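Step one of this worksheet: look at the structure below.
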There are 2 protein chains.
Amino acid sequence: MQEVKRARGPYRSGLKRRAKIVEQAVEVFGRYGYSKGSLQEIAIRSGITPAAIMRHFDNKEELLVEVLRHWDDAQVADEKRYQGLAYFRSLRSVTENNIAHRGFIDLYLTLSIEASRADHPAHPFVVERYERTMEVFTRHLRHAIDNGEIPAMDDDTVTYEAHLLIAVLDGFAIQWMLDARIDLLLMIGTYVDAVITRWKIGGGYRPEPAAEKQDQDAG
Amino acid sequence: MQEVKRARGPYRSGLKRRAKIVEQAVEVFGRYGYSKGSLQEIAIRSGITPAAIMRHFDNKEELLVEVLRHWDDAQVADEKRYQGLAYFRSLRSVTENNIAHRGFIDLYLTLSIEASRADHPAHPFVVERYERTMEVFTRHLRHAIDNGEIPAMDDDTVTYEAHLLIAVLDGFAIQWMLDARIDLLLMIGTYVDAVITRWKIGGGYRPEPAAEKQDQDAG
DNA sequence: GTCTATAAATAGATAGAC
DNA sequence: GTCTATCTATTTATAGAC
């Protein structure tokens with residue numbers, strides 16, 4: 001995380017300062033959200049003044065864009081290294097990495113909620129990132145099916161399992177933010193192992209549109 | 001939801017106005033969060049001035065407390081009407097109710113993230129509410145076990161399943177906030193049905209502390 | 001490239017008239 | 001009980017010296 005982009009070019013010190021600002025912005029936006037996270041706070045942490053930040057970024061929104069880009073770079077690294085079930089197993093090490101850089105999880109959750117309104121500067125980014133995650137999850141699940149790692153599922157089930165996995169990851173992250181004592185790695189690892197086992201025995205969850213439930217197994 | 005507390009006492013009109021303020025505060029805090037949600041916005045929606053709000057509540061934090069109390073009243077209603085698996089089946093109608101009053105879901109998620117810092121005014125409330133939900137879920141799960149509705153699980157599994165259910169509910173809610181077109185009721189209903197089926201066949205998920213996974217089933 | 005000083009807008013909160 | 005007017009603090013952003 002530190003010492004990235006140690007450029008030897010003509011403006012190396014400028015870039016280092018800029019990287020420092022972005023690094024602190026990740027933490028501040030993660031902690032307080034984009035709206036409430038102030039340039040003042042970011043400036044103090046960077047050992048700088050708000051006015052100096054405005055020399056590096058035209059406005060606050062530009063800084064947010066840079067933060068999101070920085071965040072994305074750190075996340076898409078392992079995406080191509082694993083295929084099928086191996087990809088889902090790798091979510092454990094992804095989680096380890098996220099825990100080590102807590103600012104990113106804070107930022108992700110905070111922005112996911114804050115940017116749910118369409119007029120938020122980060123809204124298009126958050127929506128696009130969510131759709132990309134859905135695409136990645138469904139692709140690897142289909143890959144696992146096509147290669148015989150797990151039995152077939154229909155399209156609705158594949159889509160639902162992807163939604164469910166994202167929900168579990170996000171939901172556990174919320175619990176971890178609320179109480180850092182919980183073992184996030186264990187909870188996510190347990191789910192990943194369990195869901196892979198479930199997929200292998202053909203136990204994908206299939207959404208059934210409003211079947212007028214009879215509660216027939218109630219007593 | 002409307003017309004609660006139609007008091008016939010000496011100060012009935014005052015209470016009606018106060019209720020109106022709280023009602024609008026739920027929506028504003030839900031939409032923008034507590035910090036960014038302004039008294040100005042609440043005042044305009046209530047057809048009133050910010051100064052008038054301060055006559056009803058000593059400060060902004062007092063208003064938040066009232067909002068949380070109001071929210072809680074609406075939620076704990078059905079808690080005692082169902083036991084064991086029937087309680088988990090009732091989560092479907094709870095979801096229907098939540099969808100009908102979107103402001104509460106917004107408020108819950110927004111505050112869960114925003115109030116994760118210990119210095120937030122709503123932090124103790126959010127933590128306590130989370131622990132209460134854990135207690136309710138584990139109690140009903142144990143009730144289902146004790147009454148023979150489902151096979152036994154060890155304590156760690158019961159706890160994990162409660163964490164997991166909360167994560168799924170929260171995670172799906174996030175997705176719904178980000179894209180209101182998804183069928184939240186179907187997604188939650190599908191999980192509830194599936195997890196009950198899974199519990200019945202003795203398929204509770206059991207967390208296994210760091211067993212130095214061998215990846216032996218990798219392919 | 002960073003600083004000090006400051007502008008312009010908005011926040012929560014108070015005073016006092018009615 | 002609600003209003004107008006105002007206070008203080010904080011926000012993003014700009015101007016200009018160094």
Side-chain angles (χ1 to χ4, degrees), chain A residues 5-7 9-25 27-29 31-67 110 114-115 117 119-122, chain B residues 5-7 9-68 110-111 114-115 117 119-122:
Chain A
K5 287 185 181 173
R6 180 140 44 118
Y11 34 68
R12 63 192 180 287
S13 81
L15 280 190
K16 242 163 65 178
R17 176 58 56 95
R18 186 186 163 97
K20 173 97 178 175
I21 295 170
V22 172
E23 184 188 321
Q24 296 304 314
E27 296 222 359
V28 171
F29 289 162
R31 252 185 131 64
Y32 306 101
Y34 168 70
S35 309
K36 211 203 161 198
S38 68
L39 296 180
Q40 175 77 18
E41 175 82 14
I42 296 168
I44 291 173
R45 286 167 180 246
S46 306
I48 213 178
T49 62
I53 292 184
M54 307 309 286
R55 290 277 143 174
H56 290 271
F57 306 92
D58 286 354
N59 50 39
K60 196 185 177 186
E61 196 172 323
E62 277 268 314
L63 177 56
L64 175 64
V65 170
E66 199 61 25
V67 163
T110 304
E114 186 182 355
R117 283 173 297 137
D119 62 339
H120 192 284
Chain B
K5 288 185 180 173
R6 181 139 44 121
Y11 35 67
R12 63 192 179 288
S13 81
L15 280 191
K16 241 164 64 179
R17 175 58 57 95
R18 185 185 164 98
K20 173 96 178 175
I21 295 170
V22 172
E23 184 187 321
Q24 296 304 315
V26 169
E27 297 222 358
V28 171
F29 289 162
R31 252 183 131 63
Y32 306 102
Y34 168 69
S35 309
K36 211 201 160 198
S38 69
L39 296 179
Q40 176 76 16
E41 175 82 14
I42 296 168
I44 290 174
R45 286 168 181 247
S46 306
I48 212 178
T49 62
I53 292 183
M54 306 309 288
R55 289 278 143 175
H56 291 271
F57 306 92
D58 287 353
N59 50 38
K60 195 185 177 187
E61 197 172 322
E62 278 267 314
L63 176 56
L64 176 63
V65 170
E66 199 62 25
V67 163
L68 295 176
T110 304
L111 275 189
E114 187 183 353
R117 282 172 298 138
D119 62 340
H120 192 283

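Values reported hereafter were calculated over all heavy atoms of this structure, with side chains retained and with hydrogens, waters and symmetry mates removed. Just so you know, these numbers come straight off a predicted model, no measurement behind them.
- The environment of CZ in A/Arg31 is sparse: at most 12 heavy-atom neighbours from other residues, nucleotides or ligands sit within 6.0 Å.
- Remark: B/Ala51, B/Met54, B/Arg55, B/Asn59, B/Lys60 in residues 51-64 of chain B come within less than 4.0 Å of DNA chain C through at least one heavy atom.
- When the side-chain nitrogen and oxygen atoms of B/Arg17 are compared with OP1 and OP2 of D/dT2, one or more of them lie within a distance under 4.0 Å.
- Side-chain contact check for B/Gln40 versus B/Ile44: some heavy-atom pair is nearer than 4.5 Å.
- Although no hydrogens or angles enter the test, the distance criterion places no donor-acceptor pair under 3.5 Å between the side chain of A/Thr110 and the main chain of A/Gly33.
- OP1 or OP2 of C/dT2 has not a single side-chain nitrogen or oxygen of A/Thr49 nearer than 4.0 Å.
- Put simply, the side chain of B/His56 does not reach to within 4.5 Å of the side chain of B/Val22, judged on heavy atoms.
- A/Ile53 and A/Leu39 get closest at one heavy-atom pair: CD1-O, 3.8 Å.
- Ion pair B/Glu66/B/Arg18 flagged as a salt bridge, since at least one NZ, NE, NH1 or NH2 atom sits closer than 4.0 Å to an Asp/Glu carboxylate oxygen.
- Among all heavy-atom pairs drawn from B/Ser35 and B/Lys60, the shortest one is O-NZ, 3.1 Å.
- Interface residues of residues 30-48 of chain B facing DNA chain D, ordered by number: B/Ile48; criterion, heavy-atom separation under 4.0 Å.
- Using a 4.5 Å cut-off on side-chain heavy atoms (C-beta onward), B/Leu111 and B/Phe29 make no contact.
- Between A/Arg17 and A/Gly47, the closest heavy-atom pair is NH1-O, 4.3 Å.
- The shortest distance between side-chain heavy atoms of B/Leu68 and B/Tyr34 does not fall below 4.5 Å.
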Handout entry: Bracket notation of DNA chain D in which parentheses pair within the strand, [ ] cross earlier pairs, and | pairs with another strand (Watson-Crick or G-U, under 3.5 Å)
Key = |||||||.||||||||||

